[in-house]
Amino acid sequence: MGATAKPPFDNPDADIILRSSDQPHPTDFRVFKFLLSLASPFFAAAFTLPQPLVDSSEDVPVMEMEENAKTLRTILGFCYPISVHPLPRLTTPEDVRAIFQAAEKFEMKGIQNHIREALVDEFLEDKPVSVFAIACHYGWKEVVDQAAYRFLALPILVDSPPADESSLDLISAATYTRLLRYRKECGEAAKSEVIRLAEVGATSTAPWGEKPTTSHVCLKKSGCDGVGNWWALWMLRSAEAFMDIPGRSKIDLEAPSPICRDCKRYLMPKVRKYEAVMLGCIRKKISAVKINVLQQ
């Protein structure tokens, strides 16, 4: 006999018990066949078969499950009305994997769709590599592309792994190498675009208007390197910054060289306008780089 699960899976009027696989202390979920049959063709078919009383201490049939208590509580929570059980929240990418496996086994199509959406909504922002690995494993191309693109916006830290090991176990070394190659190609594309923009002449058709270096004369106050030097160093720094983090959403505007107050007052509005144009051009360039990790 297992320990009785917490409400609402402890109903004395339940007509089936799902016993978790946790050993030596399994958990018994007292649930209703009708609710499970509505949510799962697997259970609907299983309940048409004779249900032996495998535990003489119980007054209803017991189904020995392969899933642990955490997985069962979550998957059952999706089956119950929200009036008696809040919609389960998936707290880690590993939860997504375990719950999706159970939903797939129990043929719960609606729950599978919800879990896929939750993977993106909850974890894409901060854990794109884990999302990428799970999406590759299940063949979700749209999510693969989203996760790979989001990965471009995060720094790669030597002392901090990009994903949980259990997620990376889902993909091959070759697939992970393709992800890193995609990031490198995007970085190169972004850097080349910055360099191209830096070389564009100041013309009336340029989307940012005149270059900040063309119409300002510095009074050469003490300690000022001038607008031209600042601009050249800033473009060089920007090119390297995009090589490092291709999907960055802003550009560092800290002075790469000292300039006087008058030059800064003149320069900053133009640089911010230029920054917006540059980011748009870089995003367009990166979008042309494709990652192909799924077999057609």
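We number each residue from 1, following the sequence as shown.
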Gap between atom [atom2] of [Y] and atom [atom1] of [X] - 0.5 Å precision:
X: Ser238; Y: Lys191; atom1: OG; atom2: NZ; result: 12.0 Å
X: Met243; Y: Ile245; atom1: CE; atom2: CD1; result: 12.5 Å
X: Cys186; Y: Arg181; atom1: SG; atom2: CZ; result: 12.5 Å
X: Arg272; Y: Ile251; atom1: CZ; atom2: CD1; result: 12.0 Å
X: Thr74; Y: Leu87; atom1: OG1; atom2: CG; result: 10.5 Å
X: Phe151; Y: Ile291; atom1: CZ; atom2: CD1; result: 9.5 Å

Taking all non-hydrogen atoms of both residues, which atom of [X] and which atom of [Y] are closest, and how far apart?
X: Glu67; Y: Ala102; value: CG-CB, 4.3 Å
X: Pro7; Y: Arg73; value: O-NH1, 3.8 Å
X: Val131; Y: Ala147; value: CG1-CB, 3.9 Å
X: Pro93; Y: Lys127; value: CG-CD, 3.8 Å
X: Met235; Y: Val194; value: CE-O, 3.4 Å
X: Tyr182; Y: Ala148; value: CE2-O, 3.5 Å

Worksheet item: Are any of the side-chain heavy atoms of Arg178 and Asn292 separated by less than 4.5 Å?
Response: no
Identify whether [X] and [Y] are in the same connected component of the hydrophobic contact network (ILVMFWY, side-chain heavy atoms under 4.5 Å).
X: Leu154; Y: Leu179; answer: no
X: Leu197; Y: Leu236; answer: no
X: Tyr149; Y: Leu180; answer: yes

Worksheet item: Given Asp244 and Ile156, is the side-chain contact (heavy atoms from CB on, under 4.5 Å) satisfied, shown in steps?
Response: CA-CA 9 Å; Asp244 184 39; Ile156 296 180; over 6 Å; no
Discussion item. Below 30° counts as parallel, above 60° as perpendicular, anything between as tilted: where do the rings of Phe100 and Trp140 land?
Written reply: perpendicular
Worksheet item: With under 30° as parallel and over 60° as perpendicular, where do the rings of Tyr80 and Phe9 fit, or are they tilted in between?
Response: perpendicular
Counting distance only, does the side-chain N/O of [X] pair as donor-acceptor with the main-chain N or O of [Y] below 3.5 Å?
X: Asn68; Y: Thr71; value: yes
X: Arg150; Y: Glu125; value: yes
X: Ser192; Y: Ala189; value: yes

Looking at [Y] and [X], is there a salt bridge between them, counting it only when a charged N and a carboxylate O are closer than 4.0 Å?
X: Lys6; Y: Asp10; value: no
X: Asp28; Y: Arg19; value: yes
X: Glu193; Y: Arg196; value: yes
X: Arg89; Y: Asp95; value: no
X: Arg30; Y: Asp59; value: yes

Check: residues 108-121 side-chain donor-acceptor pairs under 3.5 Å, at least two apart:
| residue | atom | partner | partner atom | Å |
| --- | --- | --- | --- | --- |
| Gln112 | NE2 | Ala103 | O | 3.3 |
| Asn113 | ND2 | Lys109 | O | 3.4 |

Practice prompt. Starting from the C-alpha separation in whole Å, work towards a yes-or-no answer on side-chain contact (heavy atoms from CB on, under 4.5 Å) for Tyr138 and Leu170.
Written response: CA-CA 9 Å; Tyr138 289 111; Leu170 295 173; 5.7 Å; no
Discussion item. Any donor-acceptor pair under 3.5 Å linking the side-chain atoms of Ser167 with those of Glu94?
Written reply: yes
Practice prompt. Answer with yes or no after comparing the ring centroid distance for Phe43 and Phe106 against a 6.0 Å cut-off, counting only values under it.
Written response: yes
Discussion item. Is it true that, when you exclude Gln23 itself, more than 12 heavy atoms of the residues, nucleotides or ligands shown sit nearer than 6.0 Å to its CD?
Written reply: yes
Worksheet item: Near Lys184 NZ, under 6.0 Å, is it more than 12 heavy atoms from other residues, nucleotides or ligands?
Response: no
Practice prompt. Mind running side-chain contact (heavy atoms from CB on, under 4.5 Å) on Ile16 and Phe29 for me, showing each step along the way?
Written response: CA-CA 8 Å; Ile16 189 76; Phe29 294 80; over 6 Å; no
Worksheet item: Please walk me through it: do Met278 and Glu275 pass side-chain contact (heavy atoms from CB on, under 4.5 Å)?
Response: CA-CA 5 Å; Met278 183 191 292; Glu275 177 192 30; 5.6 Å; no
